[in-house]
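Please read the structure below before turning to the comments.
Hydrogens, waters and symmetry mates are skipped; everything else that's a heavy atom, side chains included, is used.
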Amino acid sequence: MRIPQRRTAGDVLAGLGALVVLALLVGGVPYALLTLAGPPVSPELLDLDLFTSTVGPSTIVAVLVLLVWLAWFQLVVCVIVEVYAGVRRVGMPARVPLSGGTQALANRLVSAVLVLFTAGAVAVPIAHMGKPVPIKVAPVAYAAPVAETATLETFRTTKKVYVVQPPHGRHHESLWEIAEKCLGDGRRYPEIYRLNQHKAQPDGTRLQMADLIRPGWVLDMPDDARNVHVVPSEQKRVETLELHPGRAKVVDKPEPRTGVEVGGKSVDLTPPAQRTQEPREEKPSQEATQEPSAEQPDAQKPEAEKPEAEKPQVEKPSAENHSVEKPGAEKPSAERPSAEKPSAENPAPDEITPGLDLVDYLAGASLAAAGLLLILGRRRREQLWRRAFGHRVTRPRDDAAKAETALRLGADAPGTRMLDTGLRLLGAELAAQDRTPPTVYAAHLSPRRLDLWVHPPQQNAPVPWQATDGGQIWRLAAHEGRLLEEQPGGAPYPGLVSLGTNGAGRVLVDLEAAQGLINITGPQTTAALAALAVELATNRWSDRMRVTLVGFGEELTAIAPDRIKAVGSLAEVLPDLEATAAPREQVLKGRVTGSPRDAHYLLCAVTPTHDEVRRLALLAKNDTAGYVVAGEIAHATWSVEITDDGRAKLPELGLEVTAQLLPRRHYRALVDLFVTAENMDGEAVPEAEALDIVHPPVVEIRMLGPIEVMGAEALEEGRMDLAAELLVYLATHPGGVHPVVLGGVLWPRGVQTMVRDATIARVIDWLGSEHLFTDEAGRLRLGPGVRTDWALFRELVRRSHHDHSARAVLLERALGLVRGPLLSGRPRGRYAWLAADELEYDVSAGVADAAHRLCEVRLAHGEPEGAIAAVRAGLLLAADDEGLWRDLLRATHATGDVVRLRAVVEGLTRRSASHPYGSGLAPETEALIDELLPSWRIHVVRESTA
């Protein structure tokens, strides 16, 4: 609001008085000091004998005079700072060190003096001057420059806030995007987090984690924020939300491209067919008449409050387009032209800046994600064992593919390894000292350290663990934990499982430490039990594990059939549990000394009877196991409450975290993913279309090895990874990709539209509009001058099928393009979309088949050395395909060199024994080795013994 510029008589008198006081302080004080006391540093203070001789009255007076001079100098500096801030209208004055009261005095005097000259140019007070008078500020869509729009009283009574907007389709706002939009730099998100941490929001929740905010939250913003609301400082958040609901404007049709300025040049992102069309007239809404901010995109401007019937109706994408269909969504009309139907290339309006809806849960379960990927890798290895020539491994689709993408995004392999090796080393050190492992009731894993909360407290933690907080916490620093080698010792705490996350990391509890029943209550108990079951069955920090599920989870046996058992009632398992109970100390010592007993955990989703509760309570008290039961029960040692908003509260341990949950849809997606991995039949590899390879490309994207973009100028550091991923995705989708879909691929957790468009425009500016452009349908395409080495590989293989005379030459040239694993060297966390794409499966199968075909051709012509070279070229990329290893064995055997054959066998067995996805060879491979080198097992045993 604009404050009238007028002065009262009191303002004038106060200004004149302040001017006189300033003149006396700034000019009168030094004049009096020079006249009465002399310069700041008297000759007595310059005498070096001062430090060894007796101090007299004159010396004390000289020191006091110097202090007065310093105080005056500090005042002058404060006055200069305040005058500069008021005259130049820079807003909040800079703080002068060690001058709180002095600067407050200077602020008041300078403010009063400046009122004499202008009512708008006033210094912002740094001290609280009495109780502010509430001022109702009209809602504005942006924050104008401070000194031009408010007076002294306005600054005392207003603040800047941002209302978190509802999701757009599947995209949710994040603190990074809010900082990007309002502060100009996403890296400033910690400022917003610190301003709002632990403050109550309108829905009663509080900000605990920087990566978890909810629609409708009202966030306090820094003073320099833009695109925000200015509200009275005492206004409650609920009232702010009512006045500024912050709903994003929904457009009828997404504009595929907009103008974005990159590198000082304007890049037009409008499709050519739409550039000459006149803008469509729309009836302005109530808020559309307000002056918008220059930095705020149209799609982000608030929509006026209108009845539901008057709001734009948005058609939802169908299931065939790999999107989530929301309940109550309007189906696409049959009369709608097919060209406008939502698809992967032409998405529906609500798909703007989509994020993967499965990411919220699956990617957040970082330890479980790492374990699931490890087991999935073992299944894929078995699929490769049985892969038939001309077929690829069966790939997941729909929600199963999205689930794998989410797992790849969130998996914390380094943290999982540190937890595993750190605990095993701890057990080994305690066993060497003949000590029983202490009770660990909880753990906290963060990027900086691993903390174990032990009871009773013990100060003598084994190295490299350190005891802190009086021995209550045993800590392993992350920089030391990452350097630990794999430990052969037993797993002392297999019952550690994630309860959830807080602002600093992941919180785990040991189900065995309760030494009694654990009950879970709340509306999402089954989702919490499913999350516990999945992590227990897949974690690395356990050896022999049994998880019994009662009343749920029969499908989870597809993930870990050797660990998970599902039953219908407690009566089926209670007798066995009572017969195998064992005391805690005996079990803990056995785990670290090499004679472990199976760790057993029971997760029950049905409410037990009174007698079953009694038996379970006695069993839990006397047995080293974990018993988790849903519902309110008596005799529970720990009680975990899962609230409606997804919080997990464990008051016995003083824990409150964001719960780790596995809702029904995510649960189904995981099961489908592992069911797909059980399919050993494979899928036929489609033949490539013809490609003109006569003319060399202007730009070549190399992906059969380290990622390289040849023919383009060097891109500035820090931007190449994202640009290369963008080009790889477009190159492998020649039909074109809509910017909305591309944004969901490159930023699977969601991205702001302006950031996405700016990135695309930057890549266009770098590569050239003739090589990267938008077609009339709004899809991004690569020009004919851009080609990938994979496209060239497929064309050479295709021609080898039809030209038998040049088959060997064409296949050899194709395999010469292979330089290493697919897209090797890609940054961690990127290219997660490969899980839902055909590329990874096609490339592995295509390279292996080409190497196999060339090997057969060379062997048929009596050229075993050429066959060996062909197979080794294929193994550069498809190293896990044991069909190639069998080809290598046959080719090496054809040379007649037994020593060389034995070297290949030894190398294959060593690789198999240390494989991250499990040891062992395919049965067909072992049978072939037995045929070609019958004595191989003797040499392997001798080598392992040595």
Side-chain angles (χ1 to χ4, degrees), residues 374-375 377-393 486 488 543 561-562 677-682 808 811-812 815 818 820-821 844-946:
L374 184 64
I375 296 180
R378 293 172 182 168
R379 303 286 175 82
R380 293 270 169 81
R381 190 177 180 220
E382 295 176 5
Q383 286 181 304
L384 284 174
W385 286 357
R386 304 183 186 182
R387 188 186 70 87
F389 178 75
H391 287 67
R392 67 189 178 195
V393 170
E486 296 293 336
D543 295 322
D562 57 331
E678 293 288 344
N679 188 339
M680 301 298 172
D681 296 334
L811 290 175
E812 189 172 359
L815 290 171
V818 178
S844 179
V847 171
D849 289 346
H852 171 75
R853 188 184 297 271
L854 182 56
C855 176
E856 288 188 332
V857 171
R858 294 301 188 194
L859 289 177
H861 288 82
E863 302 173 1
E865 295 294 341
I868 292 174
V871 174
R872 290 200 177 278
L875 287 173
L876 288 175
L877 188 142
D880 285 338
D881 196 313
E882 289 210 18
L884 287 182
W885 285 102
R886 291 192 287 271
D887 287 338
L888 181 60
L889 290 169
R890 295 189 189 97
T892 306
H893 181 263
T895 64
D897 190 341
V898 178
V899 175
R900 191 174 180 184
L901 177 60
R902 182 175 290 112
V904 173
V905 172
E906 291 175 355
L908 176 57
T909 53
R910 281 196 303 267
R911 182 183 184 277
S912 177
S914 61
H915 199 283
Y917 294 148
S919 59
L921 296 171
E924 295 87 346
T925 305
E926 288 195 19
L928 179 61
I929 299 175
D930 286 333
E931 178 185 348
L932 301 180
L933 189 66
S935 61
W936 73 280
R937 297 183 188 275
I938 300 175
H939 294 281
V940 170
V941 171
R942 288 178 180 174
E943 183 179 351
S944 61
T945 305

Might you point out which heavy atoms bring Ala851 and Gly874 nearest each other, and give the distance in Å? CB-CA, 3.9 Å
Please give me the minimum heavy-atom distance between Cys855 and Ala870, naming the atom from each residue. N-CB, 4.2 Å
Whether the side chain of Gln383 engages the backbone of Gly682 through a donor-acceptor N/O pair (distance < 3.5 Å, no angle test) should be reported. no
In this structure, CG of Asp849 is separated from CG of Asp881 (nearest 0.5 Å) by 8.0 Å
Quick check: do Glu882 and Arg381 have side-chain heavy atoms less than 4.5 Å from each other? yes
Less than 4.5 Å apart, side chain to side chain, heavy atoms only: is that true for Leu921 and Ile929? yes
So CZ of Arg902 and OG of Ser935: to nearest 0.5 Å the spacing works out to 5.0 Å
Looking at CG of Leu815 and CG of Leu876, how far apart are the two atoms once the value is rounded to the nearest 0.5 Å? 9.5 Å
Can you confirm whether Leu928 sits close enough to Arg890 that some side-chain heavy atom of one is under 4.5 Å from a side-chain heavy atom of the other? yes
To check you understand the geometry: which heavy-atom pair defines the closest contact between Leu854 and Leu811, and what is its length? N-CD1, 3.9 Å
From Arg379 atom CZ to Glu678 atom CD, the distance as rounded to the nearest 0.5 Å: 4.5 Å
The reported gap from CZ in Arg392 to CG in Leu384 (rounded to nearest 0.5 angstrom) is 13.5 Å
Within the 4.5 Å heavy-atom criterion, are Leu932 and Val905 side-chain neighbours or not? no
Between Glu931 and Arg886, is there a side-chain N and carboxylate O pair less than 4.0 Å apart? no
Is the closest side-chain heavy-atom distance between Thr892 and Asp897 below 4.5 Å? no
Between Trp385 and Pro923, the two heavy atoms sitting closest are CE3-CD, 4.3 Å
Qualifying residue, where the test is side chain to side chain contact (heavy atoms under 4.5 Å, CB included) with Ile868 and the options are Leu859, Thr895, Val904, Asp887: Thr895
Determine the minimum heavy-atom distance between Arg858 and Ala867, stating which atoms define it. CB-N, 3.5 Å
Pick from Arg911, Arg378, Arg387: which one makes a salt bridge (Lys or Arg N to Asp or Glu O under 4.0 Å) with Asp880? Arg911
Grab the two heavy atoms, one from His852 and one from Leu884, that are nearest each other, plus how far apart they are. N-CD2, 4.1 Å
